[in-house]
Amino acid sequence: MDKFTVARALDEISRYLELSDSNPFKARAFERAARAIEKLEDDVVALVDAGNITKVPGVGKATGDIIAEIVRTGSSSYLEELRGQYPSGIFGMLRVPKLGLKKVGILFTELGISSLDELEAAAKSGRLSKVKGFGPKSAETILKGIEWARKRESNFLLPVGIEVGEMLREKLASIDAVEDAEVSGSVRRRLEVIRNVNLVVATKNIDVVTDALRTVVDRFEIVDETTVKGVARNDVEVIFHLTAPNEFGSTLLRTTGTPAFVDAFGKIPKARTEKDVFKKTEIAYVEPERRETADDLAKKKRTKLVELSDLRGTFHVHTTFSDGRHSVLEMLSAAHDRGYEYVGLSDHSKAAYYAGGLSESRLEEQQAEIATQEKKVRPMRVFRGTEADILPDGSIDYGLPTLKKFDFVVASIHSQFQMGRDEMTERILRALDDPHVTFLGHLTGRRLLSREGYSVDYDRIFDRAAERGVIIEINGNPQRLDVDWRYLPRAVERGVVLSIHPDAHSISEYNALITGTWVARKAGLAAKQIFNTRGVEEVEEFLAKRRASS
DNA sequence: GCCGTTTTCGGCCCGACTGTTTTCAGTCG
């Protein structure tokens, strides 16, 4: 039993409580307890055994009993009871924007609605507008929201595609007649949002393999002699391209690139490997990430793309001091274990209340903790930073004496998203003018498949960043992948330096450095254009110089 | 439900926005 399982159960209780009309603070109390458990440094089971669980701030008698029950039996009878009161899948309605737990709860109690279909019917029939708090405008917004939610149902973030692809490759490996299998399509191109997972399967016996695929996916369907479709878990569409082993490379090439790339490539000769296809056609190899367009095919020289192993350190890492799930030491140790020469911790600034932003006094505590823990991860260098809010007027959260305490500042927007393009651009430009700002964090604030970013004038921002020497972050969080790779070449043209950051809120989120690197590769970037491919001395010198001039 | 105390009851993290109100509740960050 680990603390995250306990926290998840408490979160679920909290969500059910918010659905019902009881005291909203009760729901909050469970949520607070969940966060407290998540951030525990001690083992939750040990705490329960020692009778010390209620000593955790935010955990009282009632919650303590629930936690103890979960630890002992693996489940909570209170949670089971709550689950029994609502249809499963009721939280699916949360996918509709502007619908939160309160409204979902009201809709269920008043109209018995618990699914998108029922919601749609109620909105169309006018039944919805009869409920207190829902006017005609609500029905309209909800119908639009349902359409929006449905459209996104068939799209997935890249990591989902990677996982499904890996799982299918493993399954295929256990089929005797399969000689080779490889993921192609948008997943292989590392596109940030994918619609399906393509796999090329090499076999001498297409009929046998086709038949075997019936058990590998749901909704099995034969499209044509060499193409089979189906659906994997998570409802991801899967397309198998069956091919003879001596054409494996050709099919891989044909099904990896976009039509624009494949068309421009011209005639694809038969070959066992993809490398052989390139060799036979005397075309220099194009990395899969670069096969969105035909641009590279036309180029004489290929850029050597940055690789994950080129990264020698990172910035933009959160800890339990703000909204991270692991402690300073845990985050430092994880970076150390990954072999990084340096890591920059940056918890939220005080304006970000909702994310547990650090007041000046909490900041002092955090820096003291860093001073204690950094000794344990030597010789890795630990930089002290902050992810400071860019306030609506473009000024940076924290006053002058505080800003001087940092080795680096990631400046990001976390409020007033709906600002118009011009106003938003001015806001960011003003932030770039602040000499304390080292990095510009997640440029557009987008959340893939859930929220559009704010609109900005990229060119003006890139110009100013270049002029002021501010590094622009490539936020590698798979939900963000912000800046979009399509705009990065324009930054590079202007001499803007970029840096790949994980925006990690837990140890596992250091993996965002992988997705972040893919973004840089898709943009055609080389290691030298990425700040955190530099060694620790060079980085230290850069930060020191910048501090001195601010 | 939790917490803290001017200690067993009243408050609980903030602010903008929107649609629904006629003074506010819910959502979102």
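By convention in this document, chain letters (A, B, ...) are assigned in the order of the sequence lines, proteins followed by strands, and residues within each chain are numbered from 1.
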Would you kindly compare A:Arg28 and A:Gly58 by the position of their nearest DNA chain B nucleotide and give the one closer to the 5′ end?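 Counting from the 5' end, the first nearest nucleotide belongs to A:Gly58.
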Return the NE2 to CG distance between A:His348 and A:Leu358, rounded to the nearest 0.5 Å.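 Atom-to-atom, A:His348:NE2 and A:Leu358:CG are 10.0 Å apart.
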Once you measure the plane-to-plane angle for A:Phe315 and A:Phe408, does it fall in the parallel (<30°), tilted (30-60°) or perpendicular (>60°) bin? perpendicular
Please confirm whether [X] and [Y] have ring centers closer than 6.0 angstrom.
| X | Y | result |
| --- | --- | --- |
| A:Tyr458 | A:Tyr487 | yes |
| A:Tyr510 | A:His336 | no |
| A:His501 | A:Phe439 | yes |

Nucleotide interval of DNA chain B bounded by contacts with chain A (heavy-atom cut-off, under 4.0 Å):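 Going 5' to 3' along DNA chain B, contacts run B:dG1 to B:dG29.
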Across all strands shown, which nucleotide pairs with B:dG15 by Watson-Crick or G-U wobble geometry, both distances under 3.5 Å?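 Per the H-bond distance test, B:dC28.
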Please give the distance between the [atom1] atoms of [N] and [M] as a whole number of Å.
| N | M | atom1 | answer |
| --- | --- | --- | --- |
| B:dT21 | B:dG26 | C1' | 13 Å |
| B:dC2 | B:dT8 | C1' | 13 Å |
| B:dC14 | B:dT5 | C1' | 25 Å |

Regarding A:Lys61, tell me which of base, sugar-phosphate or nothing describes its non-hydrogen contacts under 4.0 Å with the strands shown. sugar-phosphate
Cation-pi check for A:Phe4 against A:Arg325: NZ or CZ below 6.0 Å from the six-membered ring centre and within 45 degrees of the axis, yes or no? yes
